[in-house]
Amino acid sequence: MPSSVDEVDRIPLSARPEWSDVRPVPQDDGPNPVAPIAYRDDFRETMDYFRALYLADERSRRAVDLTTEAIGMNPGNYTVWHFRRVVLESLNADFHEERDFLDRMTMRNAKNYQIWHHRRWLAEKLGPEVANKELEFTKSILDLDAKNYHAWSHRQWVLQSLGGWENELDYCCMLLEDDIFNNSAWNQRYFVITRSPLLGGLQAMRDSEVGYTTEAILANPPNESPWRYLRGLYKGDASQLISDNRVSELCLKVLKTSNSCQFALGLLLDLLCYGFQPSEELRAVVEALRNSEQDTVSSNLAATVCLILEITDPMRSNYWAWRRNNLPSQVR
Amino acid sequence: MGGLEEEKHARYIVSVEKKKDDFEALVIEHLRMNGAYWGLTTLDLLNKIGAIDADGVVSWVMECQDKDCGGFAGNSGHDPHLLYTLSAVQVLALLDRFDVLDIEKVSDYVAGLQNEDGSFSGDMWGEIDTRFSYCAICCLSLLGRLSKINVEKAVNYIVSCKNLDGGFGSIPGGESHAGQIFCCVGALAITGSLHYVDRDLLGWWLCERQCKDGGLSGRPEKLADVCYSWWVLSSLVMIDRVHWIDKEKLTRFILNCQDNDNGGISDRPDNAVDVFHTFFGVAGLSLMEYPGLKSIDPAYALPVDVVNRIFFRK
């Protein structure tokens with residue numbers, strides 16, 4: 001991992017006059033290191049000098065600079081980040097400048113817990129004025145990796161603590177246009193429709209969201225996230241789920257066009273378990289999917305669905321067999 | 001492809017190769033406490049922990065304790081944090097050396113990190129994550145001091161992180177992720193609160209993590225990774241749904257991730273190995289009762305005999 005002086009050969013600290021007053025403190029690995037580690041010389045030296053300043057609790061500009069070097073070599077070292085915060089606070093530092101530094105570090109280390117936590121600490125200090133900048137920044141990280149868990153956690157915190165909900169649903173739409181399989185974007189969609197103070201909540205949004213989700217599924221049926229999202233839209237309301245024709249019609253459409261789509265069968269199974277009465281057309285489509293060599297026959301459509309899934313989704317055959325053996329009594 | 005290379009993995013753990021330019025070695029200095037827990041637990045599962053200088057380890061662990069607040073750091077000279085406090089307590093549990101601990105002091109440190117809403121901060125800097133709920137609850141339970149926290153609030157906070165798919169995220173509204181699910185389900189299991197989990201719904205989400213290659217992923221549409229052999233599998237065991245995955249295929253995936261020459265296990269086949277993935281691969285095999293391995297407790301992530309020793313002693 002390059003330090004902040006990427007292109008130039010690093011001058012050892014021991015050769016820099018401004019550090020001549022410091023006695024570096026070596027790492028104590030103990031007599032028999034449990035997890036012995038090989039060190040690179042310059043990293044070892046940087047950490048020895050860091051330890052000296054840390055133990056002396058020196059809160060100076062050069063201490064900040066040293067943490068910059070140490071972080072550049074090992075951004076996961078949380079003690080270095082702690083000390084940096086302590087020193088920045090003591091020096092009453094320019095937090096906007098710190099933000100610029102952090103932006104650069106985050107781009108290179110986007111999956112590092114310490115960096116994102118430092119970011120949160122900074123954003124808390126800077127307040128609502130940075131809400132949009134933080135959203136822009138997480139967007140730039142998500143442009144590189146649209147499923148970065150840290151970026152999403154940070155984005156959710158920004159929205160809830162600093163605001164900026166106005167364009168969030170649009171942002172989810174954009175991400176899903178890029179990659180309809182992005183589970184993080186589907187999760188964020190649910191986050192927005194249930195928590196945004198600018199929208200009406202789940203009940204109010206359900207109708208349009210069912211429409212959106214149905215389109216997404218039809219475009220790409222073997223996609224786990226929207227099938228789950230669809231169920232989530234009816235959370236706790238099984239009667240609404242089975243009475244919304246769009247849901248059962250979706251299953252029918254997918255089963256007619258996609259060769260035994262697991263997710264369509266799974267949702268159909270759930271509908272049947274909730275008491276849904278299938279049309280003749282739906283029955284016929286399911287029957288047609290049944291492996292004609294199957295010994296077990298069932299007049300019970302739900303059981304038939306389970307049998308099909310046991311064959312077409314063999315990795316989870318135990319799960320589908322369990323479903324078949326645990327159908328609600330009125331469905332048997 | 002053969003079986004588990006027990007000897008080679010043990011040798012790999014005991015002496016990580018000394019490569020001067022190996023950057024990976026540099027980045028884990030501050031989390032050596034985690035590394036010690038992963039390495040030692042793996043050795044114990046392989047029935048090879050006798051090779052370790054237990055006294056040396058114990059004195060190093062105690063050097064990592066902050067004498068003021070009682071918390072443990074990732075290494076000597078670092079700041080205390082919940083993550084390393086749990087690992088330290090787990091290491092001492094493995095070596096049956098709770099005698100060196102001032103249990104009240106450590107527990108007070110952990111309990112002091114609980115927030116008003118029941119969540120836990122990782123340390124004085126206030127980062128909140130359900131991982132820390134697990135660390136606190138697991139640690140206090142091992143020390144027999146769960147009563148120092150507000151368990152009801154802790155549980156309520158975890159439940160507030162439950163999602164529509166039955167899974168859990170790092171914060172309320174956070175995407176369900178197998179690692180966070182392990183932490184939440186583990187914490188709920190330890191506090192006797194598994195009734196808050198919809199076992200069938202979550203069990204289904206978890207078994208859907210099994211990919212075509214037999215490995216487990218952490219979220220929908222992500223790649224399989226050996227560490228999920230632990231996070232997903234232990235969660236399934238805790239909610240009694242482990243029979244919903246194809247164990248044979250998973251076993252083969254883990255074994256395919258071994259370095260058959262030098263030992264160690266990697267995240268996926270043919271990648272570089274590390275102690276982290278070696279631990280989770282062996283732990284996953286243990287959960288599936290792979291022959292020759294000690295049993296591991298899915299909630300405490302320690303060998304069952306270690307957990308029994310602690311709880312039966314009380």
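Just so it is clear: chains get the letters A, B, ... in the order the sequence lines come, proteins before strands, and each one is counted from 1.
Other residues, nucleotides and ligands contribute only 12 or fewer heavy atoms inside 6.0 Å of the NZ atom of K212(B). Under a cut-off of 6.0 angstrom, the local environment of NZ in K125(A) is crowded, with over 12 non-hydrogen atoms contributed by other residues, nucleotides or ligands.
If you measure heavy-atom distances from H82(A) to chain B, the contacts under 4.5 Å come from both the backbone and the side chain. Interface residue W205(B): backbone and side-chain heavy atoms are both found under 4.5 Å from chain A. Neither the backbone nor the side chain of V192(A) has a heavy atom closer than 4.5 Å to any heavy atom of chain B. Proximity to chain B (any heavy atom under 4.5 Å) is restricted, for W320(A), to the side chain, taken from C-beta onward. Only the side chain of Y84(B) comes within contact range of chain A, with at least one heavy atom under 4.5 Å from a heavy atom of that chain. Contacts between R120(A) and chain B at a heavy-atom distance below 4.5 Å are absent for every atom of the residue.
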| task | Before giving the answer on side chain to side chain contact (heavy atoms under 4.5 Å, CB included), spell out for W125(B) and Q114(A) the whole-Å C-alpha distance, their side-chain angles and the decisive distance to 0.1 Å. | result | CA-CA 11 Å; W125(B) 293 99; Q114(A) 286 70 39; over 6 Å; no
| said: Applying side chain to side chain contact (heavy atoms under 4.5 Å, CB included) to Y190(A) and N163(B), what does each step give before you reach the verdict? | reply: CA-CA 10 Å; Y190(A) 198 76; N163(B) 294 318; over 6 Å; no
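Comparing K222(B), E221(B), H177(B) by how many heavy-atom pairs each has under 4.5 Å with chain A, the most go to E221(B). Of the listed residues L164(B), D123(B), I245(B), the one with more heavy-atom pairs under 4.5 angstrom with chain A than any other is L164(B). In terms of non-hydrogen atom pairs under 4.5 Å with chain B, the most contact-rich of W116(A), W186(A), Y113(A), F181(A) is Y113(A). Among R195(A), Q188(A), M47(A), the residue making the largest number of heavy-atom pairs under 4.5 Å with chain B is R195(A).
N187(A) places a side-chain N or O within 3.5 Å of a backbone atom of G173(B) that can act as its donor or acceptor partner. In this structure, N77(A) contributes its side chain and H30(B) its backbone to no donor-acceptor pair below 3.5 Å. For Y319(A) (side chain) and G203(B) (main-chain N/O), no donor-acceptor pair under 3.5 Å exists by modelled atom type.
Proximity of R323(A) to W204(B): side-chain heavy atoms (C-beta onward) are nowhere separated by under 4.5 Å. With contacts defined as side-chain heavy-atom distances shorter than 4.5 Å, the pair E208(B)/R228(A) qualifies.
Classified by interplanar angle (parallel below 30°, tilted 30° to 60°, perpendicular above 60°), the ring pair Y78(A)/H81(B) is perpendicular. Ring orientation note: the planes of W244(B) and W322(A) are tilted relative to one another, at an angle of 30° to 60°.
Here the straight-line distance linking atom CZ of R241(B) with atom CG of N318(A) works out to 12.5 Å at 0.5 Å rounding. Atom CG of residue N182(A) and atom CD of residue E175(B) lie 7.5 Å apart, to the nearest 0.5 angstrom.
Taking each heavy atom of S153(A) and I171(B) in turn, the nearest pair found is O-CD1, 4.0 Å. Contact between Q156(A) and P172(B) at its shortest, heavy atoms only, is OE1-O, 4.3 Å. For the residue pair D79(B) and T79(A), the shortest heavy atom distance occurs at N-OG1, 3.1 Å. The shortest non-hydrogen separation linking C211(B) to M315(A) is O-CE, 2.9 Å.
Using a 4.0 Å cut-off between charged side-chain N and carboxylate O, R219(B) and E224(A) make no salt bridge.
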